Amino acid sequence: MFEVRGFAAPQANAPLAPFKVPRRDVGPNDVHIEILYSGVCHSDLHQARDDWGPGIFPMVPGHEIVGRVKAVGAGVTKFKVGDYAGVGCMVDSCRECESCKRDLEQYCLTHTSFTYNGTEQDKTTPTYGGYSTDIVVQERFAVKISEKLDLKATAPLLCAGITTYSPLRHWNVGPGQKVGVVGLGGLGHMGVKFAKAMGAHVTMITTSAAKGDDAKRLGADAVLLSTDAEAMKAAASSFDFLLNTIPVSHDLNPYINLLRLDGTMVLVGVLTPIDGMIGGALMLPRRTIAGSAIGGMAETQEMMDFCAEHGIVSDIEVVDMASINETYKRLVKNDVRYRFVIDMATMPA
Ligand SMILES: [Zn+2]
Ligand SMILES: [Zn+2]
């Protein structure tokens, strides 16, 4: 075991402060990554504030981790020292269950070890995330990142990227399809870029005309203002697929009505109860509502390779580690286009 510099929330709702993060010694199948950048996901804030139930403290958030491989175990085949590597929302799983065998470790039937606010497979040892200078992780749970991409702007791909890429792939989004992305934030802006790169006709569905303009800059073909009742009516039953990234409970019915026969809306943002869904609107005409969570490790690598091929990264603003509490305040106000990324070189000594 060794200790590295990091930032932690000592308890729920407390400001983040410097913390010595314990990391395990590099095992045979481990890679030791020097963290260069760590994205700031909205779920970091939720978990540090116990919004989703009691967390494990001290908590070192961060599950959008990119850096350079510093050391590898004797059995590691995927990485060599000096490679760029990324770690996302999970660092281990049972690897034996039906989900793990299908490379869907995020749906492990036994125990997914999340990158922070979780435990290792012993269900006891706490995990600590990316707001730190170093991490040691099983090579299966690290992905390779092309040198062609701007490293700091790849960090959000590890959560915001894969969260939107995976459902677009699973539901076979492609040319000839009309896709709507609901909500323009960290997730939505990646959804627009991916759906466009996959060849679909992409509409940004938002309450804000200004965000609509921004979505066009990101590649959206059209904008639909959800506050414009006439426009919503005119767009009824016209979408093959909707990627709903709104992170809070909201009325789904206006969006359900946008789906055509056999159209699907996938929820990737909202975790809380949703009331008032109208069964008849799902039945006529045969519409589907589904959910999706991040993606497996093989698919995360596929996404990274897709990004390298298409030159896709996130739109980011780089911040200092010591300003993280200010950054959280700005995050609450949605004052970010579209992801904060911490430059780990700014970690206080
Ligand atoms: Zn996240
Ligand atoms: Zn499993």
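Computation of the quantities below employed the complete heavy-atom set of this structure, encompassing side-chain atoms and omitting hydrogens, waters and symmetry-equivalent molecules. If you're wondering where the values come from, they're calculated on a predicted model, not measured in any experiment. Counting starts at 1 for both ligands and their atoms, following the listed order.
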So [Y] and [X], do their side chains get closer than 4.5 Å, heavy atoms only?
X	Y	value
F306	M198	yes
I342	V319	yes
R140	E105	yes
V87	F141	no

Mind listing the protein N/O/S atoms less than 2.8 Å away from the Zn ion (ligand 1)? Waters don't count.
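C41 SG, H63 NE2, C159 SG, with waters left out.
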Answer yes when R286 and D262 have at least one side-chain N-carboxylate O distance shorter than 4.0 Å, and no when they do not.
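D262 and R286: salt-bridged.
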Measure from the Zn ion (ligand 2) to each N, O or S atom of H111 and report whether any distance is below 2.8 Å.
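False for H111.
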Which residue pairs pass the ring-ring contact (aromatic ring centres under 6.0 Å, His included) test with at least one member in residues 102-121, sequence neighbours excluded?
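For residues 102-121: H63-Y116.
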Where the Zn ion (ligand 2) is the corner point, what angle links SG of C108 with SG of C94, to 10°?
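Computed angle, vertex at the Zn ion (ligand 2), rounded to 10 degrees: 100°.
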To the nearest 0.5 Å, what is the distance between CZ on R5 and NZ on K20?
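Spacing of CZ (R5) from NZ (K20) equals 7.0 Å.
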